[in-house]
Amino acid sequence: MTFGSTAKILRVNLSTSVLEVETLSEDFYRLYPGGKALAGYILLNELPAHTEPFAPENVLVIANGLLTGAPVSTATRYVVSARSPLTGGYGESEAGGFWGPELKMAGFEAIIIKGRAPQPVYLWIQDGVAEIRPAEHLWGRTTAEAQQAIRADLGDEKIRVLQIGIAGENLVRYAGLTNDLRHFNGRTGMGAVMGSKNLRAIAVRGSQRYQSLAHDPETLLTLGRKLSKSMREHPASWDLQVRGTPGLVEPLNAGGILPTRNFRQGAFEGVDEVKWEAYEQQLLTARRSCYACAIRCKREVNVNGQPSPYGGPEYETLGAFGPNCGISDLQAIAKANELCNAYVLDSISAGVTIAFAMECFEHGLIGLNDTGGIDLRFGNAEAMLTILEQIARREGLGDLLAEGSKRAAEKIGGDAHFFAIQVKGQELAMHEPRGKYNVGMGYAISEIGADHLVVAHDPAFANPEAIQFKSAAPLGITVAQPPRLLNAEKMKHFYILERWGSMEKTTGYCFFGPAPRSFIHPDDVLLSLNAATGWNLTLDDLLQIGERGTNLARIFNLREGFTRQDDTLPERIFQGLENGPLQGLGLPREEFEQALTLLYTLKGWDPQTGVPGRERLESLSLGWAADMLPVQTRN
Amino acid sequence: MKLYAGGQLDFYLLQHRSWVELELKEPTRLSALLVELGIPLAEVHLVVLNGQLVDLQEVFVCGQDEVKLYPAVNGG
């Protein structure tokens with residue numbers, strides 16, 4: 001028996017309507033214990049290279065982490081993976097909420113979806129039994145309407161619904177998935193892949209308890225209780241409890257690292273209108289949590305004075321539709337968040353792509369004829385909302401912007417490519433890399449394109465006496481470094497933190513759970529996983545689990561033709577910011593390239609090409625994957 | 001003077017208040033004041049005095065000064 005896991009995968013072929021259940025061996029699951037690592041293994045082995053993202057042959061993997069559903073705060077996450085229609089590379093997006101735990105309670109660790117249904121369908125899973133059901137009546141509906149209809153169809157208000165919206169139906173390349181209308185797999189266009197399969201939703205209901213799967217349920221429960229208590233007494237999780245991610249707006253602005261007007265600036269003159277105090281006064285109605293999580297960082301809101309059926313805007317959404325579009329109208333930003341949730345668009349890519357269009361408009365690269373008469377300047381909230389609607393529906397200029405900023409820039413031509421703030425085709429998140437160099441390195445090297453959750457952010461490691469810094473010592477981070485520096489020690493930080501983050505994405509932990517980002521000591525992370533599995537893992541084992549996941553994704557991308565030249569940053573980031581405390585400062589290109597070489601070396605990759613070496617792959621039990629590298633890249 | 005403890009820094013203040021008003025009779029070293037208030041200096045990443053970023057170790061405050069403190073914030 002595999003403890004900590006149901007060891008079951010549901011395989012769904014939508015072309016043939018065949019459903020099969022596969023049982024995983026413990027030896028296999030120990031190497032690929034869910035989430036990122038499991039998805040990476042499946043994609044490399046079952047998805048032929050160069051498969052078109054919207055072809056029926058693309059493989060959509062939805063995978064819980066090992067610990068997802070355990071009675072431990074922040075262990076709620078699942079990943080959704082496929083070849084990304086936004087980047088053409090490895091697609092991946094994580095979310096929390098209640099759906100992942102419910103899937104485990106219903107008996108499955110993962111779902112592998114292939115083929116394309118002839119008509120819209122949804123999948124219904126209850127306690128080990130799955131069924132494909134018609135969904136024509138859901139197509140074109142908002143997520144709130146569709147969730148209500150599914151629950152009514154099945155006669156159970158407690159069913160958890162994971163679904164796409166009309167953006168996914170319309171193949172917007174950065175369409176996502178949502179569960180419970182307020183938890184999102186936003187990034188890399190996984191909703192568009194699901195839409196291309198004519199799969200609108202996956203409804204689940206389960207009655208199993210995680211404790212029945214655990215090797216040592218008593219230790220797990222005791223640890224869960226201890227963490228819930230310690231979380232309330234820990235400063236690193238305090239701000240998440242009180243403000244949630246919207247609390248980031250003001251401190252980032254003070255440091256000059258709040259992306260503003262398409263990353264031209266780092267400070268926003270309208271910050272007081274969009275910071276937490278304004279949010280609390282104008283929008284906030286309640287605080288909510290994910291499954292079994294004591295932090296309660298989710299927010300419920302009113303929009304234009306009316307209760308919203310969707311969750312409140314997170315920091316990323318506030319930043320992307322607010323300062324980055326030059327907009328300080330908080331109600332308009334909240335409305336944009338509601339539209340993204342109702343239609344399921346990645347709010348980061350949507351906001352940054354609209355900011356891109358605003359800059360193109362201000363430079364005359366697109367005009368009123370292109371926008372249908374919309375004055376698409378920075379700061380025009382009404383224009384932002386209109387374009388957002390158009391993107392979801394692929395109408396007017398929205399049809400072009402639905403392709404993402406990189407493809408749109410290629411179509412517009414001229415200097416438009418300079419205004420596309422993206423890596424590998426995916427837009428940067430709301431964290432300014434010119435003030436946090438390892439965040440920049442994360443944007444550059446991430447296999448999914450610009451991703452802000454590759455490593456815990458640099459400022460946490462600047463002061464050797466700070467709580468977050470000290471909590472990273474068990475992982476091997478012992479020498480503090482300034483945020484605006486790239487050197488060998490910083491690359492050591494990166495290499496450790498990247499593996500730790502990848503481990504979180506594999507085991508189901510949220511970025512807001514484990515140290516150094518938050519309050520769960522690495523020893524308690526270890527204890528939770530060992531109590532679940534009985535595997536007697538060490539911290540080194542956990543780092544190796546993480547490293548396995550990043551290497552699988554790297555090989556996936558190399559197989560698709562990615563090279564070192566793709567591990568870079570937008571040209572703008574190498575230039576100086578226009579305002580704020582970091583005015584005039586850019587990320588030094590030469591230092592960046594040298595650091596990238598150092599990092600490749602630490603990772604056991606060829607220092608020049610970034611191709612994983614066979615020796616390192618074999619040490620990770622990934623010798624088989626070395627044979628999947630393109631012949632010309634093998635070393 | 002008025003002092004704002006941003007981010008998780010209000011965790012350390014009495015009743016977790018974000019704003020504190022203090023009467024200072026003479027210019028006072030900010031770092032000493034924060035120690036008195038129970039805010040660990042290592043947790044203070046940025047100090048904004050009357051709208052300008054300043055160095056925590058060097059700054060003195062008094063009278064009508066407004067000080068905003070921010071911790072090192074992470075992603076999410």
Side-chain angles (χ1 to χ4, degrees), chain A residues 232-245 247-257 275-277 297 314-316 429-431 436 439 442 451-470 480 483 501 510-512 516-518 580-582, chain B residues 1-22 28-62 64-76:
Chain A
R232 294 188 191 96
E233 297 162 357
H234 199 296
S237 53
W238 172 254
D239 200 34
L240 290 169
Q241 297 169 58
V242 176
R243 300 173 183 83
T245 59
L248 295 174
V249 172
E250 189 180 1
L252 291 177
N253 187 69
I257 50 175
K275 68 184 183 183
W276 168 249
E277 282 72 11
C297 73
E314 299 285 347
Y315 164 70
E316 299 297 333
M430 292 300 106
H431 297 277
K436 311 189 264 196
V439 171
D451 176 16
H452 61 295
L453 297 176
V454 178
V455 295
H457 293 193
D458 309 51
F461 308 100
N463 188 323
E465 299 304 318
I467 291 170
Q468 285 184 313
F469 178 82
K470 288 196 281 192
C510 175
F511 192 64
F512 292 160
R517 169 61 181 91
S518 195
L582 302 185
Chain B
M1 67 155 291
K2 288 173 72 177
L3 183 137
Y4 174 73
Q8 68 261 30
L9 295 178
D10 59 5
F11 174 84
Y12 299 102
L13 292 177
L14 202 61
Q15 298 177 322
H16 303 310
R17 283 189 192 151
S18 297
W19 283 97
V20 178
E21 287 201 36
L22 300 164
T28 304
R29 188 179 283 276
L30 180 62
S31 56
L33 195 60
L34 298 188
V35 170
E36 248 181 69
L37 288 168
I39 297 177
L41 301 184
E43 301 304 319
V44 179
H45 186 62
L46 296 174
V47 180
V48 180
L49 171 63
N50 302 325
Q52 297 296 315
L53 271 182
V54 294
D55 186 331
L56 170 62
Q57 296 302 333
E58 292 176 4
V59 72
F60 284 74
V61 291
C62 63
Q64 299 302 306
D65 282 343
E66 181 184 89
V67 174
K68 292 186 171 183
L69 310 174
Y70 299 101
V73 294
N74 222 304

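Residue numbers begin at 1 in each chain, while the letters A, B, ... track the order of the sequences. Hydrogens, waters and symmetry mates are skipped; everything else that's a heavy atom, side chains included, is used. Just so it is clear, the structure is predicted and the values come from calculations on it, not from any experiment.
For A:Glu233, the part sitting under 4.5 Å from any heavy atom of chain B is the backbone (N, CA, C, O) and nothing else. For chain B, the nearby part of A:Arg243 is the side chain; its heavy atoms alone come within less than 4.5 Å. Interface remark: A:Asn463 contributes side-chain atoms only to the contact with chain B (heavy atom separation under 4.5 Å). Heavy-atom distances place no part of A:Lys470 under 4.5 Å from chain B, backbone and side chain included. Only the side chain of A:Leu453 comes within contact range of chain B, with heavy atoms under 4.5 Å apart. B:Phe11 touches chain A through backbone and side chain together, each having a heavy atom under 4.5 Å away. If you measure heavy-atom distances from B:Val73 to chain A, the contacts under 4.5 Å come from both the backbone and the side chain.
Remark: the backbone N or O of B:Lys2 is not paired with any side-chain donor or acceptor of B:Glu66 at under 3.5 angstrom. Panel note: side chain B:Tyr70, backbone A:Leu252; no donor-acceptor pair is recorded below 3.5 Å.
To the nearest 0.5 Å, atoms CD1 (B:Ile39) and CG (B:Leu33) are separated by 8.5 Å.
Of the listed residues (A:Ala254, A:Pro581, A:Gly255), the one with the most heavy-atom contacts under 4.5 Å to chain B is A:Ala254. Your options are A:Ala236, A:Ser237, A:Gly244, A:Ala456, and the one with the most heavy-atom pairs under 4.5 Å with chain B is A:Ala456. Interface check for chain A: of the options B:Lys68, B:His16, B:His45, B:Gln52, the most heavy-atom pairs under 4.5 Å are formed by B:His16.
Between A:Leu240 and A:Arg517, the closest heavy-atom pair is CD2-NH2, 3.8 Å.
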- Would you sort out whether B:Asp10 and B:Trp19 count as a side chain to side chain donor-acceptor pair (under 3.5 Å), showing the intermediate values? CA-CA 8 Å; B:Asp10 59 5; B:Trp19 283 97; over 6 Å; no

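A:Tyr315 and A:His431 have tilted rings, their planes meeting at an angle from 30° to 60° on a 0 to 90° scale.
By the 4.5 Å heavy-atom criterion applied to side chains, B:Leu56 and B:Leu41 are counted as neighbours.
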